[in-house]
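Here's the structure, in structure tokens; my notes come after.
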Amino acid sequence: MSQNNAAGAAGVADLRFCFYGAGSMAEAIVRGLLGEGLARPERISVVNRSNVDRLNELREVYGVQAPAAEADKSRLLREADVIFLCMKPKDADVALRGLAAFISEKQLLVSVIAGLSTATIGKLIDKPVAIIRTMPNTSSTIGLGATGLCYNDFVTTAQQATVEALFRAIGITAVVEERMMDAVTGLSGSGPAYIYYVMEAMIEAGMRLGLSQEASHELTVQSVLGAASMVKETGEAPAELRRKIMSPGGTTQAAIELLNDKQVSETLVRAVLRAAERAGEMGAALERSTIS
Ligand SMILES: NC(=O)C1=CN([C@@H]2O[C@H](COP(=O)(O)OP(=O)(O)OC[C@H]3O[C@@H](n4cnc5c(N)ncnc54)[C@H](OP(=O)(O)O)[C@@H]3O)[C@@H](O)[C@H]2O)C=CC1
Ligand SMILES: O=C(O)[C@@H]1CCC=N1
């Protein structure tokens, strides 16, 4: 860990975090923070809209704080140094307008909400508060996340270092201009889902060939893990590593020819572009809601 990152990471342990929205993405970050020893459970709180069972589950599993009553909710939000905005885009308007009464300009907002710009968050909160827009993914759960970050003008360099250290402890980070955040969303925010999609097909294929579900699953998982690790550890490009597998006239070439015939590569490219486009559509809808 670099000195700057270590300093930032050290700063993380002293902070109080409140996760406003307690779903899949919130849990992935909480689990990563606790698993990497970056934060203590007693300094993490989770609040949501109405699902009390979910809050109780998170408190029992991770030892984090959860509101026992509505009044607790506003206290936990007020006391937090950093509030993670972790609701779905469709719920952000109501949630953020409701948050405005509880927060002060000293607090830091960290959004994971797809498509939602820092400007729109600022309008909904209606306060000159520091906002860091991020796009993580659920692999943060096991410290292998990929997170894009961008900042509004109120974020200090110390806050940048702290939040970058936080996300670097649960994966890799990429600081980008805000106009590139929808691209990050389409590529790596949704990215694990594309790989799961391919894995589902490979597992199905193994079973059609007569392998047991367990063998097909294990062989698929190891193939994907191995391929990603080969790219990371050898530094060679995927195309070069694929070429090394494709014996002329062999099995791999036969498969790739069929994939090329069905334009699978171009379709995957278009799928990622569509996800980024969808993020932009969601952001535009939220922007319009602040005008209405
Ligand atoms: N899942 C993923 O892989 C990724 C998700 N994201 C982003 O993370 C955000 C959350 O996604 P995800 O975790 O999958 O969603 P979930 O549906 O799992 O969780 C949404 C959470 O938001 C809460 N919520 C909704 N409205 C309010 C409100 N008004 N006040 C307080 N809490 C509220 C819900 O509470 P309740 O259950 O009580 O209604 C729930 O806890 C989305 O914006 C998504 O774009 C970003 C990267 C990856
Ligand atoms: O599917 C979604 O909208 C969220 C954002 C990126 C991953 N999941």
Side-chain angles (χ1 to χ4, degrees), residues 18-32 44-59 61-62 64 66-67 69-70 72-74 76-77 80 83-103 109-118 120-121 124-125 131-142 144-150 167 170-174 176 180-197 271-286 289:
C18 182
F19 287 79
Y20 191 41
S24 307
M25 196 61 239
E27 182 174 6
I29 298 171
V30 167
R31 192 166 167 179
I44 296 175
S45 61
V46 289
V47 303
N48 60 17
R49 179 166 42 189
S50 58
N51 187 339
V52 176
D53 291 342
R54 172 62 175 168
L55 296 183
N56 290 335
E57 174 197 4
L58 293 172
R59 179 174 47 218
V61 171
Y62 300 106
V64 298
E70 194 62 24
D72 272 352
K73 187 171 166 178
S74 52
L76 291 171
L77 286 164
I83 298 174
F84 282 87
L85 307 178
C86 296
M87 62 285 301
K88 287 197 182 320
K90 67 180 177 63
D91 297 317
D93 185 305
V94 169
L96 297 188
R97 291 182 195 277
L99 179 64
F102 301 128
I103 66 166
L109 301 184
V110 179
S111 172
V112 303
I113 303 171
L116 184 59
S117 70
T118 55
T120 301
I121 295 171
L124 291 168
I125 298 294
I131 301 166
I132 299 181
R133 179 183 171 186
T134 74
M135 181 37 60
N137 63 26
T138 49
S139 304
S140 304
T141 305
I142 55 170
L144 292 176
T147 302
L149 306 98
C150 66
F167 280 104
I170 54 178
I172 65 158
T173 58
V176 298
M180 297 311 294
M181 284 300 283
D182 289 346
V184 174
T185 303
L187 180 60
S188 54
S190 297
Y194 312 143
I195 306 308
Y196 298 143
Y197 183 87
V272 175
L273 299 184
R274 175 64 192 127
E277 182 184 50
R278 180 66 188 133
E281 292 167 355
M282 294 191 297
L286 287 162
S289 75

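Note that ligands are numbered from 1 as they come in the structure, with each ligand's atoms numbered from 1 the same way.
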(message) Judged on heavy-atom distance to atom 13 (O) of ligand 1, which of Met25, Met282, Arg49, Lys90 sits nearest?
(response) Met25
(message) Under 4.0 Å, heavy-atom basis, I'd like to know which part of Cys86 is in contact with ligand 1: side chain, backbone, both or neither.
(response) backbone
(request) Could you pull out, from Ser190, Gly23, Ala22, the option with a heavy atom nearest to atom 19 (O) of ligand 1? (result) Gly23
(request) Answer yes or no for Ser50: is there a heavy-atom contact with ligand 1 below 4.0 Å? (result) yes
(request) Measure across Tyr194 and Ala271 and return the closest heavy-atom pair with its distance rounded to 0.1 Å. (result) OH-O, 4.4 Å
(message) Taking the basic N atoms (NZ, or NE/NH1/NH2) and the acidic carboxylate oxygens, is any pair closer than 4.0 Å for Asp91 and Arg97?
(response) no
(request) Give the numbers and elements of all ligand 2 atoms closer than 4.0 Å to a heavy atom of Gly189. (result) 6 (C), 7 (C)
(request) Output yes when the distance from some N or O of ligand 1 to some N or O of Ser24 is under 3.5 Å, and no in every other case. (result) yes
(message) Quick test: of every protein heavy atom, which one is nearest to atom 1 (O) of ligand 2, and how far off is it to 0.1 Å?
(response) Ser190 OG, 4.4 Å
(message) Suppose I only count heavy atoms of Asn48 and a 4.0 Å limit; which atoms of ligand 1 are within that range?
(response) 31 (C), 32 (N), 35 (O), 38 (O), 41 (O)
(message) Under a 4.0 angstrom heavy-atom cut-off, which atoms of ligand 1 come close to Ala95?
(response) 28 (C), 29 (N), 30 (N)
(message) If we only consider heavy atoms of Arg54, is any one of them less than 4.0 Å away from an atom in ligand 1?
(response) no
(message) As a check for students: among Met25, Lys90, Met282, identify the option with a heavy atom nearest to atom 3 (O) of ligand 2.
(response) Met282
(request) Can you pull out the closest protein heavy atom to atom 46 (C) of ligand 1? Residue, atom name and distance to 0.1 Å, please. (result) Val112 O, 3.3 Å
(message) I want to know if ligand 1 touches Gly189 in the polar sense, i.e. an N/O pair below 3.5 angstrom.
(response) no
(request) Considering heavy atoms of the protein only, find what lies nearest to atom 5 (C) of ligand 2 and give residue, atom and distance to 0.1 Å. (result) Ala114 CB, 3.8 Å
(request) List the closest protein heavy-atom neighbour of atom 14 (O) of ligand 1: residue, atom name, distance to the nearest 0.1 Å. (result) Lys88 NZ, 3.6 Å
(request) With heavy atoms only and a cut-off of under 4.0 Å, state how Glu27 meets ligand 1: side chain, backbone, both or neither. (result) neither
(request) With atom 24 (N) of ligand 1 as the reference point, say which of Arg97, Met87, Lys73 has the nearest heavy atom. (result) Met87
(message) Ala114 versus ligand 1: do any nitrogen or oxygen atoms come within less than 3.5 Å of each other?
(response) yes
